[in-house]
A.B. asks: 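Next up is a structure, given as structure tokens.
Lettering of chains follows the sequences in order, A, B, ..., and the numbering in each one begins at 1.
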2 protein chains.
Amino acid sequence: MSASSVNTASSTRDRILGAAEQLFAQRGFDGASLRQLTTAAGVNLAAVNYHFGSKEKLVEEVFRRRLDALNADRLAALARLGSDHPATLEEVLAAYIRPALELSHEGNGALFMRVLARAFAEHDDTLRQFLSENYGHVMRQFTAEFARLLPHLGKPELYWRIDLVTGALTHAMSGFGMIQRKGGVSEQAHREQTVQHLIRFAAAGLSHP
Amino acid sequence: MSASSVNTASSTRDRILGAAEQLFAQRGFDGASLRQLTTAAGVNLAAVNYHFGSKEKLVEEVFRRRLDALNADRLAALARLGSDHPATLEEVLAAYIRPALELSHEGNGALFMRVLARAFAEHDDTLRQFLSENYGHVMRQFTAEFARLLPHLGKPELYWRIDLVTGALTHAMSGFGMIQRKGGVSEQAHREQTVQHLIRFAAAGLSHP
DNA sequence: GCAGAATTCAAACGATCGTTTGAGCATACG
DNA sequence: CGTATGCTCAAACGATCGTTTGAATTCTGC
């Protein structure tokens, strides 16, 4: 107990964000109350409105914290491609999928993927507009790459296949428990296997004749 | 005004179920209150608890009404196959997909698909158990067919691909607006095109090497 | 070490939630 | 006709919701 930060390793703000992520994943945005949330975080009820302004702003901040990192990783992986040869479909898909799978395997990242799946299911206009405004450019960049790699597809057909793939990936990453790791396989090797499976599934769905 | 059933074409029970479907799709199970719901249905607040017992039972009844018909159609379509030749993958997928797409194009069926997508996103144990108990046998029957048609896949691999396909289909059917019908194409022809697209996407995702 | 800003706290606000109640109305049956 | 029976209604119940308040506390810079 030398330092005063045994249980207070994180700030009030971060503890709220962590508890919010967990409870939003479990009970949804409406279902999780600020009283449950602040109790779980070990902070005062009023702290949410003090630090974030409102519950809705807290929801946005939960998304911002994870998606800023996730989309930065995705764009970095995409930019890393094509230095010596034109990027293949599998490589672009890897740039899109692997950062998400790595996030879902670190800390409470898997919980966030469930929050994200909820956001997709709720057709809440405010939330959709927030996501579109802040992270739409990432989807646009990947869509452009897909369009280049799949020139035989018309625009509506391409958009629609991307939507199907997005639905499959979000559903899969939020579900889990399904993809069990077998004995004798390291955590990292198993994740790489999963990435390859997802990539092949997505590639087959995108590029089939 | 000869008959007394101008605006009372449906019973109180059915009006509640209809309004519930719409509001659950728009605002979620928690977000839609019984007061909004009964006001929209034009019935008294207490009618929900009188006819269904509780809000949770009402939720289950909303699912039961649509899923009973949907799954009966799916099983009938599956049973209709294989009379003169072994069923192909595309035929089995059609038996699974076409009834869902027809439902989502009749009346408020599309709203129900959004309710279903919400139910998937919410990992509510009570609701999942209810769905598994009442409609698990349908999924089991289709899974057996897929296993027969895709013998090169191991059991976990197969389950996992089915999960991905289910996620994609649910996501797509609840989204909509994306799949626009072009001028000069009849409603029925467009639906058949969509079915074919979904089948090919699912077949590619399921059977790729 | 002290003023001033930043943060935490207990308590209360009005609003809305799901549910229950008991009287009132309708319809059906002897 | 009278009486059960099924249904609707307005009103109220206690609980819980997000938010606000103003005082108490902790932190910061001089």
A.B. asks: Please name the pair of heavy atoms, one in R15(B) and one in V43(B), separated by the smallest distance, quoted to 0.1 Å.
C.D. replies: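 In this case the closest contact between R15(B) and V43(B) is NH2-CG1, 3.7 Å.
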
A.B. asks: Below 30° counts as parallel, above 60° as perpendicular, anything between as tilted: where do the rings of H197(B) and W160(A) land?
C.D. replies: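 Rings of H197(B) and W160(A): tilted, as their planes differ by 30° to 60°.
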
A.B. asks: Are any of T12(A)'s side-chain N or O atoms less than 4.0 Å away from OP1 or OP2 of dT8(C)?
C.D. replies: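 True: T12(A) side-chain N/O within range (under 4.0 Å) of dT8(C) OP1/OP2.
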
A.B. asks: What is the distance from CD of Q36(A) to P of dT16(D), rounded to the nearest Å?
C.D. replies: 10 Å

A.B. asks: Might you confirm whether atom CZ of R27(B) has over 12 heavy atoms from other residues, nucleotides or ligands at distances under 6.0 Å?
C.D. replies: no

A.B. asks: So with a 6.0 Å cut-off around CD of E102(B), is the heavy-atom count from everything else above 12?
C.D. replies: yes

A.B. asks: Do you know the tightest heavy-atom contact between L198(B) and L164(A)?
C.D. replies: CD2-CD2, 4.0 Å

A.B. asks: To the nearest 10 degrees, how far apart in direction are the end axes of the helix from dG1(C)-dC30(D) to dA23(C)-dT8(D), each fit to five base pairs?
C.D. replies: 10°

A.B. asks: dT16(D) phosphate, OP1 or OP2: any side-chain N/O from S33(A) under 4.0 angstrom?
C.D. replies: no

A.B. asks: A40(A) and L23(A): which non-hydrogen atoms are nearest, and at how many Å?
C.D. replies: CB-CD1, 4.3 Å

A.B. asks: OP1, OP2 of dG6(D) versus side-chain N and O of H51(B): anything below 4.0 Å?
C.D. replies: no

A.B. asks: Flag yes if more than 12 heavy atoms outside Q193(A) fall under 6.0 Å of its CD atom; otherwise flag no.
C.D. replies: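 Atom CD in Q193(A) is packed in, count exceeds 12.
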
A.B. asks: Looking at every non-hydrogen atom in both residues, tell me the closest pair between R118(B) and F24(B) and how far apart they are.
C.D. replies: NE-O, 3.2 Å

A.B. asks: Could you identify which residues of residues 18-32 of chain B place a heavy atom less than 4.0 Å from some atom of DNA chain C, listed by residue number, or say none?
C.D. replies: A32(B)

A.B. asks: For residues E145(A) and L89(A), determine if any side-chain heavy atom of one lies less than 4.5 Å from a side-chain heavy atom of the other.
C.D. replies: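 Side-chain contact under 4.5 Å: no.
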
A.B. asks: Roughly how many Å is it from OH in Y50(A) to P in dA10(C), rounded to a whole number?
C.D. replies: 17 Å

A.B. asks: For the pair made of CZ in F52(A) and P in dA6(C), what is the distance, rounded to whole Å?
C.D. replies: 17 Å

A.B. asks: Under 30°, 30 to 60°, or over 60°: which ring-plane class applies to F29(A) and F63(A), parallel, tilted or perpendicular?
C.D. replies: tilted

A.B. asks: Are there any protein N/O atoms within less than 3.5 Å of an N/O atom in nucleotides 19-21 of chain C, and if so, which ones and at what distance?
C.D. replies:
| from | atom 1 | to | atom 2 | distance (Å) |
| --- | --- | --- | --- | --- |
| dT19(C) | OP2 | N49(B) | OD1 | 3.4 |
| dT19(C) | OP2 | K55(B) | N | 3.0 |

A.B. asks: Is the number of heavy atoms from other residues, nucleotides or ligands within 6.0 Å of CD (E56(A)) greater than 12?
C.D. replies: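 No, because the 6.0 Å sphere around CD of E56(A) holds 12 heavy atoms or fewer from other groups.
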
